[in-house]
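Quick note: residue numbers are just sequence positions, from 1. Just so it is clear, the structure is predicted and the values come from calculations on it, not from any experiment.
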Amino acid sequence: MFLEFFGGLVTGSLALLSDSGHMLSDTASLALSLVAMIIAVKPPSAKNSYGFYRFEIMAALFNGVTLFVIAGFIMWEAYQRFFSPPAVASGTMMLIAAVGLLANLISAWSLMRKSEAKDNINIRSAYLHIMGDALGSVGALLAGLIMNLFSWYVADPIISVLVALLILRSAWGVIKQAFHILMEGTPLTVNTRHVQEALLEIEGVLDVHDLHIWTITSGLDALSGHLLIGDHTDHQLVLQQAIKVVEEKFGIHHTTLQIENSSLKHGKLPV
């Protein structure tokens with residue numbers, strides 16, 4: 001990252017600068033994720049009954065916004081260079097980009113060389129970030145080659161815009177997912193209707209209402225709801241079966257269910 005940044009300043013290559021910006025954003029993203037994991041293990045308190053799991057989501061949202069800022073800066077600089085593209089030391093630029101590509105490929109290999117890493121979502125996401133950086137280095141190499149062969153210096157801002165679009169694509173996915181979690185949206189891997197149908201299949205359950213499913217943090221979903229059962233049904237048995245169904249079929253381990261019969265009356269809840 002530092003090599004490409006200072007190399008971009010020396011050679012005048014916006015493609016190198018944009019790729020270093022991409023690597024900076026990914027480095028910051030991984031660092032924030034690491035900090036979030038450290039903070040998340042702090043125990044819950046009276047003021048934070050869920051603990052500090054949400055810090056990871058806040059960090060992700062911050063990362064996404066930062067990515068947009070970086071991409072906007074790259075596009076603005078590229079726009080100015082379209083009309084009067086400066087000469088770029090393409091040979092030095094290609095050498096630096098090649099070093100960056102090699103570093104990214106070694107990093108990707110080191111992450112995925114162990115078989116268990118392939119099943120770890122955090123390592124896989126880091127792997128995808130690094131491969132995105134590798135694509136940026138490939139783009140800088142391509143721009144350098146074009147400028148070296150044809151002296152077509154507008155290739156540098158064009159490649160830079162493509163790298164910026166790559167950053168925006170990653171940023172939008174991060175922001176969209178973080179915002180969905182902060183809005184208590186239903187996890188993308190869970191269908192509320194399917195959960196409701198599975199609970200209704202339990203013997204003795206007459207109705208399922210006020211069902212809410214949300215994500216506390218990545219990999220930790222929660223569920224709450226009300227189950228209306230028959231007046232002579234064993235409510236503890238129904239509760240045990242419901243918890244088991246939610247856990248085994250939908251992978252939700254944080255479940256809170258209120259068991260009701262015809263004697264219980266309550267008004268319609270606002271949400």
Side-chain angles (χ1 to χ4, degrees), residues 1-33 62-113 117-118 123-175:
M1 177 186 70
F2 282 113
L3 180 64
E4 289 195 341
F5 175 74
F6 290 109
L9 293 178
V10 172
T11 62
S13 170
L14 182 61
L16 281 180
L17 287 173
S18 63
D19 192 37
S20 69
H22 190 191
M23 294 179 72
L24 173 63
S25 67
D26 285 345
T27 302
S29 176
L30 294 173
L32 273 176
S33 296
F62 177 80
N63 279 330
V65 173
T66 305
L67 285 168
F68 261 79
V69 173
I70 292 174
F73 170 78
I74 293 172
M75 287 186 168
W76 173 251
E77 186 66 24
Y79 171 77
Q80 293 180 318
R81 292 194 178 202
F82 271 123
F83 302 102
S84 56
V88 176
S90 54
T92 305
M93 169 187 173
M94 292 172 64
L95 179 62
I96 294 173
V99 173
L101 177 60
L102 180 62
N104 283 314
L105 292 179
I106 292 174
S107 298
W109 173 80
S110 68
L111 279 177
M112 302 304 290
R113 64 193 173 117
K118 297 179 178 63
I123 296 180
R124 284 207 312 271
S125 65
Y127 172 79
L128 293 175
H129 275 299
I130 291 173
M131 291 310 295
D133 292 333
L135 286 176
S137 297
V138 170
L141 270 171
L142 180 61
L145 181 62
I146 293 173
M147 289 184 288
N148 192 46
L149 294 177
F150 306 105
S151 297
W152 192 51
Y153 294 110
V154 77
D156 188 53
I158 289 176
I159 296 295
S160 302
V161 169
L162 293 178
V163 174
L165 291 175
L166 178 65
I167 295 174
L168 284 177
R169 183 177 179 274
S170 301
W172 176 244
V174 169
I175 291 175

Item to complete: Working to the nearest 0.5 Å, report the span between CD1 of Ile175 and CZ of Phe68.
Response: 5.0 Å
Discussion item. Counting only heavy atoms from other residues, nucleotides and ligands, does the tally under 6.0 Å from OH of Tyr79 exceed 12?
Written reply: no
Practice prompt. To the nearest 0.5 angstrom, please state how far the CG atom of Leu145 sits from the CG atom of Leu141.
Written response: 8.5 Å
Fill in: Nearest-0.5 Å distance, CH2 of residue Trp109 to OG of residue Ser107
11.0 Å
Response to the item:
In terms of heavy-atom contacts, Gly7 and Ile96 come closest through CA-CD1, 3.4 Å
Worksheet entry | Val10 side chain reached by Thr92 side chain, heavy atoms, under 4.5 Å | no
Worksheet item: With side chains defined as the heavy atoms from C-beta onward, is the minimum distance between Asn148 and Met93 less than 4.5 Å?
Response: no
Worksheet entry | Spacing of CH2 belonging to Trp152 relative to CD1 belonging to Ile158, to within rounding of 0.5 Å | 3.5 Å
Worksheet item: Hey, are the side chains of Ile159 and Leu162 touching, using non-hydrogen atoms and a 4.5 Å cut-off?
Response: yes
Fill in: Heavy-atom closest pair, residues Ala155 and Met147
CB-CG, 4.4 Å
Worksheet, complete the sentence: Separation between CE (Met94) and CD1 (Ile146), nearest 0.5 Å, reads 10.5 Å
Practice prompt. Could you tell me whether a side-chain N or O of Asn104 sits under 3.5 Å from a main-chain N or O of Gly100, the two making a donor and an acceptor?
Written response: yes
